[in-house]
Asker: 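Just dropping this structure here.
In this chain, residues are counted from 1 in sequence order.
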Amino acid sequence: MNRSRLAPGAGIVTVPGGLPVLRTAEGEFLRIDTGGTDPRELVARLTQGEGTHPDPAELGGLVAAFEEAGHAVTEPRRPPLTGRTVHLLGDPLLTEPLSRFAAAEGAEVHPATADDVAGLAGRRNTAVVWCLDSPVPDGLWDTADRLPSRHTAWLRCHREGAHTWIEPLASAPGDVTAAHVRRRRLAATAAHRELAAYWAGHRTSDTGPHPTEASAALIAALLTADLITWANGEPPRGAALPAHRRLRRMDLRDLTVTEHPVLPVPEVAPLPAPSARATA
């Protein structure tokens, strides 16, 4: 008989002279009324796992209450990216740690190339992640930007000087794409001509700093967290901004991460062609 046991993150705290207390996975403390059941018997039952004898009635009722509230589970926890496929492109110093982290969380990870991206559109439970240790050349991400409209997830990061930008997760029509981020950033700065020229390659050669092992691991961890959010289908508790509306900037010099809200740019109808009278 497969018996339930405490859910991951949950625990029972013994208060001297008082009733046992459940510490939930969210960090809340809840007093446990064990009735006529010895608290030690409840603790032993919820930490032993397998068993061959049915629970006494009162103990069984306590265990059932734990199960109904999600504080005890029968099945072992599955890694959050189980059943998801992640295709990685870009610079190895970023994709290699990300590959390890995503695989450790249950994802099936595959390397990919730019030529593969169009063929991945329409694959559900699939994410494409593109990591660059450089600015994004004009047009490089245009094909990938169309993935969310076909329900394939799209996640990316790139470096500009001492800053790495982790762009919002896009997994559905109407989510923020790389093109949206560019337009929003151009609109937010008075130096929009200079920024556009920088992106277009009119700049001196790159002087770094490149991600170190520590900063690359942090970038990979943040990207993995976004993939887990995508797999869960809901924002994590306490998240200030949802992953599909959050632009993050990491300063590679001190590993400071700041978050900025970003919205998609609505489509704008083209201006009507001038009439013959107007041009006469």
Side-chain angles (χ1 to χ4, degrees), residues 78-92 94-159 164-186 199-200 219-220 222-235 241-248 261-270:
R78 294 197 316 161
L81 295 180
T82 299
R84 306 284 174 154
T85 301
V86 177
H87 295 269
L88 298 182
L89 302 84
D91 292 303
L94 296 170
T95 59
E96 287 177 359
L98 178 57
S99 178
R100 295 195 303 271
F101 294 173
E105 296 298 333
E108 182 180 328
V109 181
H110 299 283
T113 67
D115 292 336
D116 298 328
V117 171
L120 298 174
R123 297 191 186 183
R124 294 178 181 265
N125 297 325
T126 296
V128 173
V129 188
W130 204 326
C131 302
L132 294 177
D133 181 33
S134 64
V136 185
D138 283 337
L140 180 65
W141 284 351
D142 289 353
T143 299
D145 263 354
R146 293 191 283 271
L147 293 172
S149 66
R150 299 282 304 278
H151 299 281
T152 298
W154 166 224
L155 185 60
R156 62 255 174 221
C157 70
H158 66 280
R159 180 177 62 83
T164 288
W165 294 86
I166 301 174
E167 299 197 2
L169 170 73
S171 59
D175 280 351
V176 177
T177 65
H180 293 160
V181 171
R182 285 199 169 208
R183 293 172 193 166
R184 292 294 187 188
R185 288 185 59 194
L186 287 172
W199 286 338
I219 293 166
L222 292 172
L223 291 167
T224 303
D226 283 349
L227 290 172
I228 291 172
T229 298
W230 159 67
N232 289 338
E234 59 184 24
L241 292 169
H244 67 290
R245 293 288 187 268
R246 176 181 60 205
L247 175 65
R248 286 179 292 200
V262 61
L263 296 173
V265 178
E267 294 295 330
V268 178

Asker: Between D91 and D133, is there a donor-acceptor pair closer than 3.5 Å when you use the side chain of the first and the backbone of the second?
Answerer: yes
Asker: Go through the steps for L89 and T95 under the test side chain to side chain contact (heavy atoms under 4.5 Å, CB included), then give the verdict.
Answerer: CA-CA 7 Å; L89 302 84; T95 59; over 6 Å; no
Asker: Which heavy-atom pair separates L147 from A153 by the least distance, and what is that distance?
Answerer: CD1-O, 4.5 Å
Asker: Got T85 and N125 here, is their nearest side-chain heavy-atom distance under 4.5 Å?
Answerer: no
Asker: Under a 4.5 Å cut-off applied to non-hydrogen side-chain atoms, are L155 and L223 in contact?
Answerer: yes
Asker: Is there a side-chain contact between P137 and H158, using heavy atoms and a 4.5 Å cut-off?
Answerer: no
Asker: I want to check a possible cation-pi pair here: R159 against W165, using under 6.0 Å from ring centre and within 45° of the ring axis as the test.
Answerer: no
Asker: Could you report the tightest heavy-atom contact between V262 and P168, atom names first, then the distance?
Answerer: CG1-CG, 3.4 Å
Asker: Could you check if a side-chain atom of V265 sits within less than 4.5 angstrom of a side-chain atom of R184, using non-hydrogen atoms only?
Answerer: yes
Asker: Measure the spacing between CG of L227 and CZ of F101 and express it to the nearest 0.5 Å.
Answerer: 12.5 Å
Asker: Could you tell me which non-hydrogen atom of V176 sits nearest to which non-hydrogen atom of H180, and how far apart they are?
Answerer: CA-ND1, 3.7 Å
Asker: Closest approach of V109 and S99, non-hydrogen atoms and distance?
Answerer: CG1-OG, 3.5 Å
Asker: Between R182 and D138, is there a side-chain N and carboxylate O pair less than 4.0 Å apart?
Answerer: yes
Asker: Less than 4.5 Å apart, side chain to side chain, heavy atoms only: is that true for V86 and H110?
Answerer: no
Asker: Given 3.5 Å as the limit, does a donor-acceptor pair link the side chain of S171 with the main chain of P148, or not?
Answerer: no
Asker: Find the distance between CG (L94) and OG1 (T164) and round it off to the nearest 0.5 Å.
Answerer: 7.0 Å
Asker: Out of curiosity, R245 CZ to D175 CG, how far, rounded to the nearest 0.5 Å?
Answerer: 5.5 Å
Asker: Does a donor on one side chain sit under 3.5 Å from an acceptor on the other, for D145 and W154?
Answerer: yes
Asker: Going through the distances and angles, do L132 and W141 end up as a side chain to side chain contact (heavy atoms under 4.5 Å, CB included)?
Answerer: CA-CA 11 Å; L132 294 177; W141 284 351; 3.8 Å; yes
Asker: Identify the heavy atoms of P80 and A231 that sit nearest to each other, and give their distance.
Answerer: O-CB, 3.4 Å
Asker: Can you tell if the side chain of P111 reaches within under 4.5 Å of the side chain of H87, non-hydrogen atoms only?
Answerer: no
Asker: Could you tell me the separation between the OG1 atom of T126 and the CZ atom of R84, rounded to the nearest 0.5 Å?
Answerer: 9.0 Å
Asker: Hey, is the main chain of R123 close enough, under 3.5 Å, to the side chain of T152 for a donor-acceptor pair?
Answerer: yes
Asker: Quick check: closest heavy atoms across L98 and C131, and the distance to 0.1 Å?
Answerer: CD2-SG, 4.0 Å
Asker: Just by distance, with hydrogens left out, do T113 and D116 show a side-chain donor and acceptor under 3.5 Å apart?
Answerer: yes
Asker: Under a 4.5 Å cut-off applied to non-hydrogen side-chain atoms, are T177 and R183 in contact?
Answerer: no
Asker: Are the side chain of N232 and the backbone N or O of T229 linked by a donor-acceptor pair below 3.5 Å?
Answerer: no
Asker: For a 4.5 angstrom cut-off between non-hydrogen side-chain atoms, does R185 reach W199?
Answerer: yes
